[in-house]
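Below is one structure; the comments refer to it alone.
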Amino acid sequence: MRAVFAEPRADVLRAVTFDNAAVPPGARVSVVERTGHRGTAVQLRLHGIQPGRTFGAHVHTKPCGTRPDHSGPHYQHVKDPKQPSTDPKYANPRNEVWLDFTTDRRGDGTSSASVAWRFRAGEARSVVIHEHATETGPGRAGMAGARLACVNVPFEQGSNNRTSHSQG
C-alpha cells in the first residue's frame, strides 16, 4: 500500500495527517504485509516526515477518518476486556503490531514487526503514527501519545503470500 499524506477531508482518506509539522502533507508512506504459516509480518516505510524523531506506530481496528480517534483502538490478537488497554498482558508487541521507528536526517524511517498470528477478517483496517515511542509499563502499556497521522490499509486475512498494498 503506497499513499501520500493529505489534510483530512471526507473525500481524501487514504492517508491523512493531523499534525502538519510532524507528518506534512505530501509525505509518503508504504505498508507491506506478508502472511504465511508462521503468522504475519508488516513493514512500514515513511518518507519526508519530521527528521531525527522517534514515533510510535500501530495497526488499528478501524479505518482513518477526519478525526484522529476515528481509527479506533490498537488491533489485539487477544482482546483486553478493559479498554483502553494499558495492561502489559494485552498491550505488548506479541499481541499487537508495534511499528515504532526513528527518522533519519531526511525524515525517512522504516520499521517491521512479525507476529505468530493473522488478523481476524475486517478487524485490522489502518496504521496510525503516534507522537512518541510506545510505552510498556503497567497502566501505560501501549500508549504512544497523540495520533499524528493515519493510513488506511486493506490488510489481507488468511492470505498465504506477500501483499503489497498500493494506492495514491
Side-chain angles (χ1 to χ4, degrees), residues 1-5 13-16 23 27-47 49 54-65 68-104 108-138 140-145 147-168:
M1 201 295 323
R2 293 184 186 131
V4 175
F5 287 103
L13 292 176
R14 282 186 217 134
V16 295
V23 183
R28 299 181 324 260
V29 60
S30 72
V31 178
V32 175
E33 174 193 25
R34 292 179 185 89
T35 58
H37 67 280
R38 293 185 181 177
T40 304
V42 178
Q43 182 181 56
L44 173 68
R45 291 181 184 265
L46 294 117
H47 304 282
I49 67 173
T54 298
F55 296 86
H58 311 103
V59 172
H60 280 245
T61 61
K62 296 186 180 192
C64 309
D69 63 345
H70 283 169
S71 56
H74 295 179
Y75 178 92
Q76 293 184 319
H77 180 60
V78 177
K79 294 179 185 179
D80 185 342
K82 183 179 179 192
Q83 294 292 325
S85 181
T86 58
D87 181 345
K89 178 179 174 184
Y90 298 96
N92 65 65
R94 292 168 311 285
N95 195 46
E96 299 181 350
V97 176
W98 291 6
L99 295 159
D100 294 11
F101 63 95
T102 300
T103 53
D104 64 17
D108 297 344
T110 301
S111 179
S112 61
S114 295
V115 290
W117 40 264
R118 294 187 189 176
F119 297 116
R120 290 180 297 279
E123 292 188 37
R125 306 288 302 277
S126 61
V127 173
V128 172
I129 310 304
H130 292 271
E131 75 176 311
H132 59 74
T134 308
E135 298 181 50
T136 58
R140 302 281 307 161
M143 297 181 106
R147 298 174 189 206
L148 306 178
C150 181
V151 58
N152 284 319
V153 180
F155 287 107
E156 300 290 325
Q157 288 79 32
S159 172
N160 283 320
N161 53 27
R162 175 184 169 147
T163 306
S164 178
H165 306 288
S166 295
Q167 294 179 350

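All values below were derived from every heavy atom in this structure, side-chain atoms included, with hydrogens, water molecules and symmetry-related copies excluded.
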Could you tell me if the side chain of [Y] sits less than 4.5 Å from the side chain of [X], heavy atoms only?
X	Y	result
N92	T136	no
V16	C64	yes
T110	Q43	yes
Y75	R120	yes
E33	F119	yes
M143	T86	yes

Q. Do S71 and R147 have a side chain donor and acceptor closer than 3.5 Å?
A.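 Yes, because at least one side-chain N or O of S71 sits under 3.5 Å from a partner of the opposite role on R147.
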**Q.** Donor-acceptor side-chain pairing of S85 and Q76 below 3.5 angstrom
**A.**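 The answer is yes; a qualifying pair exists.
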Q) Below 6.0 angstrom between ring centroids: does that apply to H70 and H60? A)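 Ring centroids of H70 and H60 are no less than 6.0 Å from each other.
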Using modelled atom types only, decide if a donor and an acceptor are shared between the side chain of [X] and the backbone of [Y] within a distance under 3.5 Å.
X	Y	result
W117	R94	yes
S114	A41	no
H47	D108	no

(Q) As an exercise, state the distance from SG of C150 to CZ of R14, rounded to the nearest 0.5 Å. (A)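 Answer for the SG-CZ pair, C150 versus R14, is 14.0 Å.
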Q.
Can you tell me which residue among T103, T102, T134, D100 is in a side chain to side chain donor-acceptor pair (under 3.5 Å) with T54?
A.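 Option passing the side chain to side chain donor-acceptor pair (under 3.5 Å) with T54: T102.
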Q) Under 4.0 Å between a Lys/Arg side-chain N and an Asp/Glu carboxylate O for E123 and K79? A)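 Yes, E123 and K79 are salt-bridged.
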